[in-house]
Trainee: 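Encoded as structure tokens, here's the structure I'll be asking about.
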Amino acid sequence: MSNGEPFIRAVEVEKTYHLGETLVTALKGITLSLERSDFVALAGSSGSGKTTLLNLIGCLDTPTKGEISIGGRNVSHMTDDELAEFRRTQLGFIFQTFNLLPVLSAVENVEYPLLKIKMTASERRERALAALKRVGLSHVAAHRPDQLSGGQRQRVAIARALVHEPELIIADEPTANLDKTTAGEILDLLAELNRSMGLTLIIATHDPLVMARTRRTVHISDGRIAP
Amino acid sequence: MIKLRLAFRNIMRNRRRTLLNLSMIACGLTAIVISRGLAHCLIIKVEEAAINTQYGHLQFASQKFWEGSPKDRLVTKLIEPEASLIEKVKAVPGVKNVSGRLSFYGLISSPDGSLSARGIGFSPDQEKPMNESLLIIDGRPLTPGSKFEVIVGSGLNQQLGAKVGDSLTLMGYTVDGSVNAIDSELVGVFQTKVTEVDNSTFFISLPTAQRLLTTDAVERVVVRLDETAKTNEIRNQIQALLPEHLVAKTWTELATFYQQVVDYYKVQNLMVEVVIMLLVLLSIANTVGMAISERTGEIGTVRALGDTRRDLVFQFMMEGLILGLMGGALGCLLGLTVTTTINSMQIMVQVPGASAPVAIEIAPLFTSFRDGILLTSAMAVVASVVPAVRASRMKIVEALKRNI
């Protein structure tokens, strides 16, 4: 961003969807700006709309109304292929349930986002191993997800999220399935990545422990930003 | 490479289901191999029977003979090829032997009675394959160079009440239209398993037939070759040597039933292959559908990581292809095993036109294996497309919810 625009800008974003025959309005005109290298928690109770907003910023879904731009690019009207390309190159994802591919080893999982990037297999492997080293898991590179603990799985997922050096990492309840100690370690790691790499991190959560660690918390309630 | 590994490991995830699928594909391919291999061998047997016992590789005769009605006077259809022409035909490379035939309708009489029948005069020494391939159920075949010997069909002999060694009187119209008769010794009884032939045919040597009809002419000249594959090529060469009124025809033009048999097997094979392909298609479509249902969460994940819809469809098609190729490889082994086993069992069947039962043989044709693998793999890929496209259209956020 060279023109002083916020890194992420959401303007009057609405999202409606059908639940059976009922039309549900999940977001009711959200306007939000986030700066580059921000470390933000989107907080709210279940059903508040925080995950819906996170999905929209993560280009996993498109708004019914309003505009979202990331890094100066309007993502609201991109085609499906353009969104896929944007996710692949600009975004990293960390999920509550880790979402590792069970038939691939830890290092192969980390390599996955690099598959479409022009590089040799050995370069790809090198980068994946470096990402695993960064999260402290070099020693389990060959392990399959079912051979790893919950904390290790989430670290592998973090390595996968940062291996292609995205500008923005989207994390949906990344500590919800972890014990308190492990959750703390994961948050330490995310904070360190934010600090050292300047990654922009947005975390959807309802965990006060997470909110306490982020630099900013945006509260969502009933599809709106709470004052 | 990772995508390939991913595809392979995904296939091996549910080993029991994969094994069932592979078995389905392998059995399908085996059925194609057996169906085609059996048809191929039976067609060859029919081909051999047609060439050996009836037509030779090619024949030439007058245009009138080929086009005329059986009611036309025999003399109008006969030919007397010059010795030099026969020598020229014999000199064509690939020609094994050349000899005339003369057939007629007449009476054959034993002490118990007379019956009308069709007599065929041929040269037992020149047409050895025909002489030797007749199934003789009593007595012996005609002796090369013999005169006044006759062999009769089993049904005809039964009606005549004759025994080998009896003297039978053969009567026919000479080329001048008068009646002539000669006595011949019944030396053998043959059986073709074609009732019409067995009930109404007898064979004599060509000189005997010519003597009965008081002519030196023949109705057609039969040419046998070293290689069946060269039939058309040599027919053209021979036709170029013939005078205008003589026309050469190949055995395939003469043996109309042969073409019917080939067409029949083609249709049968096609039906078998269509049914098998449908089964493979449905089976794999079902499996891929189940796999997609089980992997919905993962589909959401890879889409979130930046895979396009096309990438996803390609991934499932690759899994289908691997399944098809693995099933194909297994099918090749199974096909070879079943083929070898059946061939070793020496199961006997009667084929149309052959005088004796022949052992069932299944040719392990390279083309059957190749086409089988291509077909089953193609079906496996096609079967993956519809469920894969459906999967690619899932909403990412909905698919992600299925991760537990």
Side-chain angles (χ1 to χ4, degrees), chain A residues 15 17-18 26 51-56 58-62 79-105 107-117 120-122 124-125 128 144-145 157 160-161 163-164 166 170 172 177, chain B residues 1-18 287-288 290-316 318-320 322-323 326 388-404:
Chain A
K15 182 67 185 176
Y17 57 86
H18 286 274
T51 299
T52 305
L53 179 60
L54 194 77
N55 288 338
L56 294 179
C59 301
L60 299 173
D61 207 351
T62 48
T79 63
D80 196 77
D81 278 0
E82 286 168 341
L83 285 172
E85 164 82 9
F86 192 81
R87 287 193 300 271
R88 189 169 60 75
T89 54
Q90 308 295 322
L91 308 181
F93 289 90
I94 304 167
F95 301 97
Q96 178 181 345
T97 47
F98 323 128
N99 293 19
L100 299 177
L101 299 178
V103 293
L104 297 183
S105 67
V107 71
E108 286 168 342
N109 264 289
V110 179
E111 277 184 63
Y112 199 92
L114 303 175
L115 290 180
K116 279 193 170 180
I117 296 174
T120 64
S122 57
R124 196 165 55 228
R125 179 56 57 102
R144 295 268 179 99
R160 182 178 65 183
V163 71
H164 54 301
I170 304 282
D172 187 10
N177 280 8
Chain B
M1 209 43 199
I2 286 190
K3 292 265 186 177
L4 192 65
R5 237 173 309 178
L6 180 65
F8 185 76
R9 289 180 195 165
N10 276 331
I11 288 171
M12 299 314 286
R13 256 169 149 172
N14 191 328
R15 291 182 184 214
R16 204 168 125 191
R17 192 166 63 201
T18 299
T287 301
V288 176
M290 284 164 74
I292 284 170
S293 170
E294 288 165 6
R295 283 159 53 192
T296 302
E298 287 169 41
I299 289 168
T301 302
V302 295
R303 292 277 283 131
L305 296 180
D307 273 7
T308 61
R309 288 177 173 166
R310 243 186 341 273
D311 293 333
L312 202 62
V313 173
F314 181 75
Q315 181 69 31
F316 280 103
M318 188 155 64
E319 290 178 22
I322 292 173
L323 203 59
M326 284 170 70
V389 168
R390 219 174 50 228
S392 75
R393 289 187 180 154
M394 276 182 212
K395 283 183 178 266
I396 302 173
V397 289
E398 295 302 320
L400 282 170
K401 285 179 189 166
R402 297 278 290 273
N403 280 301
I404 45 167

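Per chain, numbering begins at 1; letters A, B, ... match sequence-line order.
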Trainee: With rounding to the nearest 0.5 Å, note down the distance linking CG in A/Leu104 to CZ in B/Arg9.
Mentor: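 Result: 6.0 Å between the selected atoms.
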Trainee: If you tally heavy-atom pairs under 4.5 Å against chain B, which of A/Gly58, A/Ala161, A/Cys59, A/Pro102 wins?
Mentor: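 Top option by heavy-atom pairs under 4.5 Å: A/Pro102.
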Trainee: Roughly how far, to the nearest 0.5 Å, is CG of B/Leu6 from CG of A/Asn109?
Mentor: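 Interatomic distance, A/Asn109 CG to B/Leu6 CG, rounded to 0.5 Å: 9.0 Å.
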Trainee: What part of A/Leu115 lies closer than 4.5 angstrom to a heavy atom of chain B: side chain, backbone, both or neither?
Mentor: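 When you check distances to chain B, only side chain atoms of A/Leu115 fall under 4.5 Å.
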Trainee: Less than 4.5 Å apart, any side-chain heavy atom of A/Asp81 and any of B/Arg310?
Mentor: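 Sidechains of B/Arg310 and A/Asp81: in contact.
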Trainee: Atom NZ in B/Lys395, atom OH in A/Tyr17: separation rounded to 0.5 Å?
Mentor: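 Rounded to the nearest 0.5 Å, the NZ-OH separation comes out at 11.5 Å.
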Trainee: Working to the nearest 0.5 angstrom, can you tell me the gap between B/Asp307 CG and A/Arg87 CZ?
Mentor: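 These two atoms lie 9.0 Å from each other.
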Trainee: Rounded to the nearest 0.5 Å, how far does CZ of B/Arg303 lie from CG of A/Asp80?
Mentor: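 So the CG of A/Asp80 and the CZ of B/Arg303 are separated by 4.5 Å.
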Trainee: Please round to the nearest 0.5 Å and tell me the distance separating atom CG of B/Leu400 and atom CG of A/Asn55.
Mentor: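 B/Leu400 CG to A/Asn55 CG: 7.5 Å, rounded to 0.5 Å.
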Trainee: Would you name the heavy atoms of A/Phe93 and B/Ala304 that are closest together and state the gap between them?
Mentor: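 Distance-wise, the nearest heavy atoms are CE1-O, 3.2 Å.
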Trainee: Between chain A and each of B/Gly297, B/Gly306, B/Gly300, count heavy-atom pairs under 4.5 Å; write down the option with the most.
Mentor: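 Looking at each of B/Gly297, B/Gly306, B/Gly300 in turn, B/Gly306 comes out on top.
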Trainee: For A/Ser105, which atoms come within 4.5 Å of any heavy atom of chain B: side chain, backbone, both, or neither?
Mentor: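 For A/Ser105, the backbone is the part near chain B, not the side chain.
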Trainee: Between chain B and each of A/Glu85, A/Glu111, A/His164, count heavy-atom pairs under 4.5 Å; write down the option with the most.
Mentor: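 Highest number of pairs under 4.5 Å: A/Glu111.
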Trainee: Is there a side-chain contact between A/Val103 and B/Arg295 (heavy atoms, below 4.5 Å)?
Mentor: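 Sidechains of B/Arg295 and A/Val103: no contact.
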Trainee: Assess whether atom CZ of B/Arg393 is packed by more than 12 heavy atoms of other residues, nucleotides or ligands within 6.0 Å.
Mentor: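 Counting other residues, nucleotides and ligands, CZ of B/Arg393 stays at 12 neighbours or fewer.
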Trainee: Between A/Phe86 and chain B, which part of the residue has a heavy atom less than 4.5 Å away: side chain, backbone, both or neither?
Mentor: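 Contact with chain B: none, neither part.
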